[in-house]
Amino acid sequence: MLTKTKIYLSSPHMGGSEQKFVNQAFDTNWIAPLGPNVDGFENDIKSYLGGNNEVAVLSSGTAAIHLALQLLGVSKGDEVLCQSFTFSASANPIIYQGASPIFIDSESDTWNMSPELLEIAIKDRIEKHKKPKAIIAVHLYGMPYKAEEINSIAKKYDIPVVEDSAEALGSTYFNQACGTLSDVGILSFNGNKIITTSGGGALITKSSELKNKAIFLSTQARDNAPHYQHSSIGYNYRMSNVLAGIGRGQMEVINDRVEARRKNHKYYKNNLSKFNTIEFLDEPEGFFSNRWITCIKTNSYELRESIRLALQKDDIESRPLWKPMHMQPVFKDYLSYTDGTSEKLFNVGLCLPSGSNLSQDDLDRVLSIITKTPNL
Ligand SMILES: *Cc1c(COP(=O)(O)O)cnc(C)c1O
């Protein structure tokens with residue numbers, strides 16, 4: 001009997017040129033966190049994003065968020081407003097800085113930070129004489145957040161925005177690349193993301209001064225001197241030239257990856273929207289999602305669990321939507337401004353296999369399990 005292979009949620013998908021760039025690193029002995037691949041990968045991302053943006057590639061997306069908070073001067077005792085419906089890596093660097101996160105719930109059009117709740121939170125904190133130091137908003141699952149609304153509120157109160165675009169390389173908002181919509185943006189190249197370097201990230205800034213400051217901090221903050229001289233605390237956050245080689249190969253196929261993920265989404269939507277127990281998140285006018293992960297919203301926790309467990313039985317990976325940060329044990333002592341939106345999504349939503357390397361047979365297999373679920 002033919003044994004079925006496991007279907008993953010989102011697995012790495014090499015394009016073909018990655019090893020060539022990695023071999024070049026070996027051949028020239030650039031086995032270090034600097035070199036031609038690091039520069040090349042930064043240029044590739046920069047030209048892909050367009051506009052006047054500077055890119056520094058780093059060891060992870062989490063490191064990029066950490067440096068973004070440093071660059072914005074977030075420090076001990078500060079408060080930072082953060083989208084609650086996200087992966088913990090959006091919020092953890094707030095704690096690294098000795099600051100406190102305050103979580104903001106989502107709105108239903110994009111599942112991202114609610115502009116209304118954001119403004120309520122800002123007003124409330126200012127009234128309590130604690131003006132927030134920064135805002136972290138997230139393009140979750142590749143869907144852009146309402147950038148115009150968020151940016152105008154941020155501007156009104158003069159609070160900088162960190163744009164967590166870890167899941168949204170290839171997404172655009174009114175034709176502008178996600179990652180470039182705010183003061184500082186970040187990307188991730190972890191193994192499950194739309195392109196990967198196995199592990200890695202990038203910081204996107206509006207000026208080369210800020211980029212150079214990020215690189216300075218990411219390479220142990222060495223002052224300009226013949227000996228090792230330090231006037232500030234540094235980090236070891238720069239990307240390896242070997243891994244940047246993988247990134248250069250991946251950037252050759254980014255457009256295909258976006259297209260394939262969007263095709264997965266279309267397939268699921270075409271075949272599942274006839275069931276009135278299942279809903280999809282549509283793109284508002286002007287919003288373009290890379291559809292990193294296709295998510296469904298069912299009509300109950302029970303149905304979501306039946307689908308998830310049926311898929312699991314067939315060795316198909318699926319996962320409930322992110323558990324909001326305001327519900328996480330580790331963040332239980334921090335403030336939040338919520339209205340139940342993300343909690344509801346967590347209870348009834350499911351992430352479906354969405355890799356760009358899924359075959360038509362894989363997709364058909366996932367669909368046939370879902371459509372056999374009782375009470376669909
Ligand atoms: C993956 C991810 C990160 C962290 O990126 P790493 O490269 O894994 O450190 C941050 N935020 C979100 C929303 C993510 O999905």
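Starting from 1, each residue takes its place in the sequence as its number. Just so it is clear, the values below take in all heavy atoms, side chains as well, and ignore hydrogens, waters and symmetry mates. As the structure lists them, so they are numbered: ligands from 1, and atoms in each ligand from 1.
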Taking the side chain as every heavy atom from C-beta outward, state whether Arg291 and Glu283 have any pair of such atoms under 4.5 Å apart. yes

Taking the six-membered ring of Phe288, is the NZ or CZ of Arg262 close enough (under 6.0 Å from the centre) and on axis enough (within 45°)? yes

Looking at Val138, which atoms of ligand 1 are within less than 4.0 Å of one of its heavy atoms? 13 (C)

Determine whether the side chains of Asp223 and Ser231 contain a donor N or O and an acceptor N or O closer than 3.5 Å. yes

Among all protein heavy atoms, pick out the one at the shortest distance from atom 1 (C) of ligand 1; state its residue, atom name and that distance to 0.1 Å. Lys193 NZ, 1.6 Å

Give the atom numbers and elements of ligand 1 that come within less than 4.0 Å of a heavy atom of Ser90. 11 (N), 13 (C)

Just checking, is any N or O donor in the side chain of Thr110 or Glu107 under 3.5 Å from an acceptor N or O on the other one? yes

Between Tyr337 and His326, is any side-chain donor less than 3.5 angstrom from a side-chain acceptor? no

Could you tell me whether the side chains of Lys206 and Asn52 share a donor-acceptor contact shorter than 3.5 Å? no

If we number the atoms of ligand 1 from 1 as shown, the ones under 4.0 Å from a heavy atom of Ser188 are 1 (C), 5 (O), 6 (P), 7 (O), 8 (O)

Nitrogen or oxygen of Gly61 less than 3.5 angstrom from that of ligand 1: yes

Give the residue and atom name of whichever protein heavy atom lies nearest to atom 15 (O) of ligand 1, and the separation in Å to one decimal. Glu167 OE2, 2.5 Å

Could you verify whether a donor N or O on one side chain and an acceptor N or O on the other, from His139 and Ser171, lie under 3.5 Å apart? no

Asp362 and Ser359: side-chain donor and acceptor closer than 3.5 Å? yes

Provide the number and element of each atom of ligand 1 under 4.0 Å from a heavy atom of Ser60. 7 (O), 9 (O)

One finds that the ligand 1 atoms under 4.0 Å from a non-hydrogen atom of Phe87 are 2 (C), 3 (C), 14 (C)

Kindly identify the option in Gly201, Ser59, Gly191, Ala89 whose heavy atom sits closest to atom 4 (C) of ligand 1. Ala89

Ignoring hydrogens, just give me the one of Asp164, Leu58, Leu140 whose non-hydrogen atom is nearest atom 10 (C) of ligand 1. Asp164

Going by the order shown, which atoms of ligand 1 are within less than 4.0 Å of some heavy atom of Ala166? 2 (C), 3 (C), 10 (C), 11 (N), 12 (C), 14 (C)

Closest to atom 8 (O) of ligand 1 (judged by heavy-atom distance), picking from Asn190, Thr86, Ile186: Asn190

Does ligand 1 have an atom that lies less than 4.0 angstrom from a heavy atom of Ala63? no

Which of the atoms in ligand 1, numbered in the order shown and given with their element, are less than 4.0 Å from a heavy-atom of Gly200? 7 (O)

Is it the case that the side chains of Glu252 and Ser17 hold a donor-acceptor pair, with the cut-off being a distance below 3.5 Å and no angle test? yes

Which residue supplies the protein heavy atom nearest to atom 9 (O) of ligand 1, what is that atom called, and how far is it? Thr62 OG1, 2.5 Å

Salt bridge or not between Glu42 and Lys211? Use side-chain N to carboxylate O under 4.0 Å. yes

